[in-house]
There are 2 protein chains.
Amino acid sequence: MRSEPRYAQVAAALRAAIAGGVYRDGASLPTESALCATYAISRFTAREALRLLQVEGLIRRQHGSGTTVVGGTPVLRQSLSDVAELSHYAAGSTFAFREHGLQTLPAARAAALRLPPGSRWVLLSGVRTIAGLPAPIAITEVFVHADLEPFVAALRAGRETLFTQLARLGGFHIARIEQDIAAIGAGTRDATVLQIARRTPCLRIQRTYQDAGGRIVLLSLSTHPGERFTYSMHIDN
Amino acid sequence: MRSEPRYAQVAAALRAAIAGGVYRDGASLPTESALCATYAISRFTAREALRLLQVEGLIRRQHGSGTTVVGGTPVLRQSLSDVAELSHYAAGSTFAFREHGLQTLPAARAAALRLPPGSRWVLLSGVRTIAGLPAPIAITEVFVHADLEPFVAALRAGRETLFTQLARLGGFHIARIEQDIAAIGAGTRDATVLQIARRTPCLRIQRTYQDAGGRIVLLSLSTHPGERFTYSMHIDN
DNA sequence: GAGTGGTCTAGACCACGTG
DNA sequence: ACGTGGTCTAGACCACTCC
């Protein structure tokens, strides 16, 4: 049982105080030196705690004036922090894939995907289609951690996403998903499969699924033709 | 002319070294103690410089292993998991805009944005820039509901997003944000402002901000050059 | 075990905003 | 002038990774 860093504890305490109405919208938070005194911490730790709240958008800091609460409304926490949301865009679509076995990635490829050089992955490739549409809406590559190779054969195409299947089969828990979205021009191979012109603008979505230890268990790389795909999400307060 | 903080100078030097190919993709950056020695700075200053590069997405830090370069081409990343982060947008960036008054949208335009035909909006246009970068990272159009016109004159460019300013000025609450992300080719006008070639792949992000009644109070339409912008988010279970 | 980054202390001086 | 946050030093111990 590792304990949280001190600055995270202080940040949590302040967050709770804000949510609890101790500091209202626009109200001033204690000064740094006040925090040092009340929590018996150094100024570094106090600043680190405040830095956390700042990137969360909870507080606003002004050089000569002080620290004020920006949005004390306590419900602001809710978000798309739900894995279910991630699958909603795929509803009604099906994913067909082929397995290409366990491979060591070329160094350049590994670096581009920000995976450890020399690491080994089971490579899958596939296309996502929507019934009735002539061309696929995505071409996808999936990299499964070598440790999970025994479960790959049991993967099925269909509604359930690969990562939920793997999590169930492997008996582990996905703790974090990182998602990067960029716009790129279609390469020759992608263009052929997607039936679009080369260099057509495409959405490139890279997701990494990490377990509790921060280890990447699955990485997926999808390319969607720009004119056939829009990534849509919503955030409710 | 006030001089830059020391950590910003060190960060700039490292940024230049990465861009100049001294440290390639995936290569290791000097350790913190090495930076302390070469620049004659304390570890705090070195870490502050590295922190800058980290939030820019240029480097990746791993506890026991070291600091490595993520991408040789500078990519801006925006991490986003809830409304609070959305309000802060890209750290260190500023938004400059002009107001173009109350207008009735052409029918085609309204349809494309999925806004009611004949509805009236205050149109704003602007660019988002990051200090030190020659070209903007986004060109943005904003449509503000006609009912909020009295508050538009009070809007200020700067750190606070337009919708948080409007919510405060108008005394209402944003209940829902919808966000659509697509890949498009840059049009002539966008290409000029963003200093890229026409038809360069760009991320087009459309956000609608709705009040509790589902009424769209604000719509923003941003175009980001693909090679300078990656939309990044994470989801924690 | 050696070396890395993560956390933390106890000081210091400076730049900024408000009185 | 004063108090605020911003920057910075010179140490320290710990947790993690890799050999």
Side-chain angles (χ1 to χ4, degrees), chain A residues 1-14 23 26-55 58-70 110 114-120 145 147 175 210-216, chain B residues 1-14 23 26-55 58-70 91-92 131 156 158-159:
Chain A
M1 189 66 183
R2 191 182 74 263
S3 69
E4 287 267 290
R6 193 84 185 88
Y7 67 85
Q9 297 176 28
V10 174
L14 290 173
Y23 309 108
S28 287
L29 234 56
T31 67
E32 295 183 351
S33 39
L35 290 176
C36 296
T38 53
Y39 291 100
I41 55 180
S42 75
R43 215 179 134 210
F44 169 89
T45 306
R47 283 180 65 77
E48 210 62 16
L50 291 173
R51 164 129 57 184
L52 275 185
L53 301 183
Q54 190 174 21
V55 301
L58 260 181
I59 61 172
R60 179 159 177 270
R61 318 200 68 196
Q62 201 71 35
H63 198 147
S65 6
T67 303
T68 51
V69 177
V70 165
R114 273 167 285 146
L115 292 176
S119 55
R120 292 169 66 73
H145 194 281
D147 291 356
Q210 304 170 21
D211 65 12
R215 188 184 62 158
I216 296 177
Chain B
M1 192 65 188
R2 188 182 80 264
S3 69
E4 287 266 291
R6 193 83 185 88
Y7 68 84
Q9 297 175 28
V10 174
L14 290 173
Y23 309 108
S28 286
L29 235 57
T31 65
E32 295 183 351
S33 37
L35 290 176
C36 295
T38 53
Y39 291 101
I41 54 180
S42 75
R43 215 177 134 213
F44 170 88
T45 306
R47 284 180 63 78
E48 209 63 15
L50 291 173
R51 164 131 53 187
L52 275 186
L53 301 183
Q54 190 173 23
V55 301
L58 260 181
I59 61 172
R60 183 191 152 95
R61 318 200 69 194
Q62 200 71 35
H63 198 146
S65 8
T67 304
T68 52
V69 177
V70 163
R156 293 285 168 265
R159 276 203 137 47

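We name chains A, B, ... by the order of the sequence lines, and we start the count at 1 in each one.
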Once you round it to whole Å, what is the distance between [atom2] of [N] and [atom1] of [X]?
X	N	atom1	atom2	answer
A:Arg43	C:dG11	CZ	P	14 Å
B:Tyr39	D:dT9	OH	P	14 Å
B:Phe44	C:dA10	CZ	P	17 Å
B:Arg60	C:dT4	CZ	P	18 Å
B:Leu35	C:dG3	CG	P	17 Å
A:Arg6	C:dA10	CZ	P	13 Å
B:Glu4	D:dC8	CD	P	10 Å
B:Glu32	C:dT7	CD	P	11 Å

_Candidates D:dT9, D:dT4, C:dT7 - which lies nearest the side chain of A:Thr31_ =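 Nearest to the side chain of A:Thr31 among the choices is D:dT4.
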
*asked:* Starting the side chain at C-beta, find the nucleotide from D:dG5, D:dT7, C:dG5 nearest to B:His63.
replied: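 Within the option list, the nearest is C:dG5.
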
*Which is true for A:Ile41 with a 4.0 Å heavy-atom rule: it touches a base, it touches only sugar-phosphate, or it touches nothing?*
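Here A:Ile41 touches the backbone only, sparing every base.
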
*asked:* Students often get this wrong, so: under 4.0 angstrom with heavy atoms, is B:Gln62 touching a base, only sugar-phosphate, or nothing?
replied: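 Sugar-phosphate: the residue B:Gln62, judged by heavy atoms under 4.0 Å, touches backbone atoms but no base.
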
_Given DNA chain C, 5'-ward residue of the pair B:Gly66 and A:Ser42, judged by closest heavy atom_ =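 With B:Gly66 and A:Ser42 compared, the 5'-side residue is B:Gly66.
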
OP1, OP2 of [N] versus side-chain N and O of [X]: anything below 4.0 Å?
X	N	result
B:Thr67	C:dG5	yes
A:Tyr7	C:dT7	yes
B:Thr45	D:dT9	yes
A:Arg47	D:dG6	yes
B:Arg61	C:dG6	yes

*Could you walk me through whether B:Arg43 and B:Arg47 pass side-chain contact (heavy atoms from CB on, under 4.5 Å), step by step?*
CA-CA 6 Å; B:Arg43 215 177 134 213; B:Arg47 284 180 63 78; 4.2 Å; yes

*Can you check whether B:Pro30 reaches B:Tyr23 side chain to side chain, under 4.5 Å on heavy atoms?*
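With C-beta onward as the side chain, the pair touches.
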
*Only one of B:Ile59, B:Thr68, B:Leu35 forms a side chain to side chain contact (heavy atoms under 4.5 Å, CB included) with B:Leu29, so which one is it?*
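Result for side chain to side chain contact (heavy atoms under 4.5 Å, CB included) with B:Leu29: B:Ile59.
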
*asked:* Could you check whether any side-chain N or O of A:Thr45 sits under 3.5 Å from a backbone N or O of A:Ile41, counting only pairs where one atom can act as donor and the other as acceptor?
replied: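 Checking the backbone N and O of A:Ile41 against the side chain of A:Thr45, no donor-acceptor pair under 3.5 Å is found.
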
*Please name the pair of heavy atoms, one in B:Tyr39 and one in B:Arg6, separated by the smallest distance, quoted to 0.1 Å.*
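For B:Tyr39 and B:Arg6, the tightest heavy-atom pair comes out as O-NH2, 3.3 Å.
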
